[in-house]
Amino acid sequence: MTASFDEAGMSSCNKPPSPTEPVGMWLIGARGGVAACSIFGMLLLRRNAVPPTGLVTALPEFQKAGLIPLDRVFVGGHEIRAASLTDEIRAFHRTNRVFSSDWIDLLESEMIECDQRIRWGTVSGASPAITELASADVPRDSSPWEAVQRLRADIAAFRQEHGLRHVVVMNVASTEPPVDPARYPSCWGEMEKALAGGDLSPPPSTLYAVAALSEGCSYVNFTPSLGASLSALTELAEIHHARHMGCDGKTGETLMKSVLAPMYRARNLEVLSWVGHNIFGNLDGRVLDDPQHKATKVRSKDHLVGDILGYSPKTVVSIEYVKDMGDWKTAWDHIHFSGFLGTPMVLQFIWQGCDSLLAAPLVLDLFRLTERADRAGIRGTMPFLAPFFKSPYGVADNDFFSQHRALLDWVASLSPSDG
Ligand SMILES: NC(=O)c1ccc[n+]([C@@H]2O[C@H](COP(=O)([O-])OP(=O)(O)OC[C@H]3O[C@@H](n4cnc5c(N)ncnc54)[C@H](O)[C@@H]3O)[C@@H](O)[C@H]2O)c1
């Protein structure tokens, strides 16, 4: 018999939820670089074939937190490109010269199984740069509301088919152009009416969030896309007692900003300018080459330094698509600062990271922590997840170390009896 769950997440027989029950990780953009590397990495970790390097939740401080073991996780998702996970991982291995091809052979049948749980996503309200990625087989939904119903049905079927206690929906799809919140009703009732009446055409990220939250799923936005940040969706999350958090994973150059800027502040050194140039050549970079899409990412990367310092030095963030770099992102940052007696000094750093392999462990961490938050009865935004994001919802403090401390405090506060 499949257990049924009430809105507080308790099974009908009133047993507290347990980390031994299967749960679902539903990825939007399920065959992209971050998603494919997250799935591939998770399958390797399950076999103990690799050490958990890069996973925050593998640190000793997290071992008594009652986090879900990765072998209890079913993966599914939405995608718009016709590809296969195995082909994506093979191409990733070839292009970026990372990990062993033996691992791909070892995991091929499990990757195929995951692939079979990936459903067509939606391009309703998508920009031309996204629409042109989409397979001709992606259903062209007749309205945004129809898209929401279809996406919801996919998630509900996934949950039912595998008897999942809970599903965490994670957006790792391509970055969308900016969203103007003023164009959307601020309360859910009006937004629902406008969506159902065909009066709005929001981007896909809004539709995915509406589908996920309406199904009572947790929703994590790893992208800078703003479609899930509308205030009507915050209300929708409240109505369904759901958790949500975002946005934009903090994996490389911006992570460095959130580590270094607090140092300048603590030593009372005045940052005069902070210039960061980023070059990379993966599909994310190709989409970000479109100026509208790039604007969303630049905004997400640019606010941190001023927020942390408390004043606004000159900042420059550039992102350039250089195809031959593949997933290897190089960021060169030049920080011009003033020391004692007005002496000008410079710090430069070069960060060279394989972007999706920086992101993948954090996706798994966010999944496990969000699932744990569900069992702990957390509702609404999850400020303790701030260290994972460039623009954390509801958190003004962008100092990485105080964010990390808040995460550790939350983990330490978890009691074994709450799941
Ligand atoms: N280090 C990192 O890689 C990093 C860090 C922070 C944020 N991000 C963000 O994570 C996201 C994913 O990055 P990536 O490198 O995997 O990009 P990617 O281009 O490799 O993958 C994105 C996937 O989303 C799919 N997609 C696009 N629109 C869709 C839609 N409407 N429905 C379903 N699928 C859709 C694309 O087909 C593609 O497979 C991007 O928004 C990126 O900015 C990545």
Side-chain angles (χ1 to χ4, degrees), residues 26-40 54 77-85 87-89 91-92 95-96 118-135 138-141 144 147 150-151 154 169-177 202-209 211 220-228 246-255 278 280-290 293-294 296-301 319 321 326-329 331 351 353-363 366 388-391:
W26 188 265
L27 297 166
I28 300 158
R31 295 190 185 107
V34 172
C37 289
S38 304
I39 297 169
F40 185 63
H78 282 119
E79 177 54 75
I80 56 168
R81 282 183 308 125
S84 87
L85 271 176
D87 289 350
E88 290 290 312
I89 282 292
F92 192 89
T95 311
N96 302 305
I118 297 175
R119 300 285 171 264
W120 286 126
T122 187
V123 287
S124 175
S127 69
I130 301 280
T131 310
E132 77 178 25
L133 298 177
S135 157
V138 173
R140 289 337 195 230
D141 301 293
R150 183 171 64 78
L151 303 172
D154 289 339
V169 175
M170 309 190 71
N171 184 8
V172 285
S174 312
T175 304
E176 297 169 349
S205 60
T206 302
L207 306 180
Y208 286 116
V220 176
N221 180 14
F222 198 78
T223 81
S225 302
L226 296 168
C247 69
D248 202 5
K250 188 160 70 185
T251 58
E253 190 218 16
T254 317
L255 173 65
N278 297 267
F280 66 130
N282 60 16
L283 181 60
D284 185 34
R286 196 176 107 196
V287 171
L288 292 176
D289 212 26
D290 179 302
H293 292 249
K294 191 182 291 184
T296 310
K297 193 70 164 184
V298 168
R299 197 191 292 176
S300 177
K301 284 172 84 69
I319 303 172
Y321 175 57
D327 210 71
W328 284 97
K329 187 189 273 175
W351 174 277
C354 189
D355 230 21
S356 300
L357 292 175
L358 286 165
L362 305 186
V363 167
L366 282 165
F388 294 97
F389 294 104
K390 293 186 185 78
S391 306

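First listed ligand is number 1; within each ligand, the first listed atom is number 1. When reading the values below, keep in mind they use all heavy atoms of this one structure, side chains included, and skip hydrogens, waters and symmetry mates. The first residue of the sequence shown is numbered 1, and numbering continues consecutively from there. Predicted model, so just to flag it, every value in this text is computed and none were measured.
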Using a 3.5 Å cut-off on N/O to N/O, what pairs does ligand 1 make with the protein? A line per pair would be great.
| from | atom 1 | to | atom 2 | distance (Å) |
| --- | --- | --- | --- | --- |
| ligand 1 | 1 (N) | Thr251 | OG1 | 3.0 |
| ligand 1 | 1 (N) | Asp355 | O | 2.9 |
| ligand 1 | 1 (N) | Asp355 | OD1 | 3.3 |
| ligand 1 | 3 (O) | Asp355 | O | 3.4 |
| ligand 1 | 3 (O) | Asp355 | OD2 | 3.4 |
| ligand 1 | 16 (O) | Gly33 | N | 3.2 |
| ligand 1 | 16 (O) | Val34 | N | 2.7 |
| ligand 1 | 19 (O) | Asp284 | N | 3.2 |
| ligand 1 | 20 (O) | Gly33 | N | 2.8 |
| ligand 1 | 24 (O) | Ser174 | N | 3.3 |
| ligand 1 | 31 (N) | Thr122 | O | 2.9 |
| ligand 1 | 32 (N) | Tyr208 | OH | 2.6 |
| ligand 1 | 37 (O) | Glu79 | OE2 | 2.6 |
| ligand 1 | 37 (O) | Arg81 | NE | 3.0 |
| ligand 1 | 39 (O) | Gly32 | N | 3.3 |
| ligand 1 | 39 (O) | Glu79 | OE1 | 2.8 |
| ligand 1 | 39 (O) | Glu79 | OE2 | 3.3 |
| ligand 1 | 39 (O) | Arg81 | NE | 3.1 |
| ligand 1 | 39 (O) | Arg81 | NH2 | 2.8 |
| ligand 1 | 41 (O) | Ala173 | O | 2.8 |
| ligand 1 | 41 (O) | Thr175 | N | 3.3 |
| ligand 1 | 41 (O) | Thr175 | OG1 | 2.9 |
| ligand 1 | 43 (O) | Thr175 | OG1 | 3.0 |
| ligand 1 | 43 (O) | Asp284 | OD1 | 3.3 |
| ligand 1 | 43 (O) | Asp284 | OD2 | 3.2 |
| ligand 1 | 43 (O) | Lys297 | NZ | 2.9 |

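Between Asp248 and Lys297 there is a salt bridge, since a side-chain N of the basic residue sits under 4.0 Å from a carboxylate O of the acidic one.
With values rounded to the nearest 0.5 angstrom, Lys294 atom NZ is found 5.5 Å from Asp289 atom CG.
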* To do: Begin with the C-alpha distance, continue with both residues' side-chain angles, and end with the deciding distance and a verdict on side-chain contact (heavy atoms from CB on, under 4.5 Å) for Thr95 and Trp328.
  => CA-CA 10 Å; Thr95 311; Trp328 284 97; over 6 Å; no
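Between the side chains of Asn282 and Asp327, at least one donor N or O sits under 3.5 Å from an acceptor N or O.
For residues 123-134, the side-chain hydrogen bond (donor to acceptor under 3.5 Å, both in side chains) pairs, not counting sequence neighbours, are Ser127-His293.
Between Trp26 and His78, the two ring planes are perpendicular [angle over 60°; tilted spans 30° to 60°].
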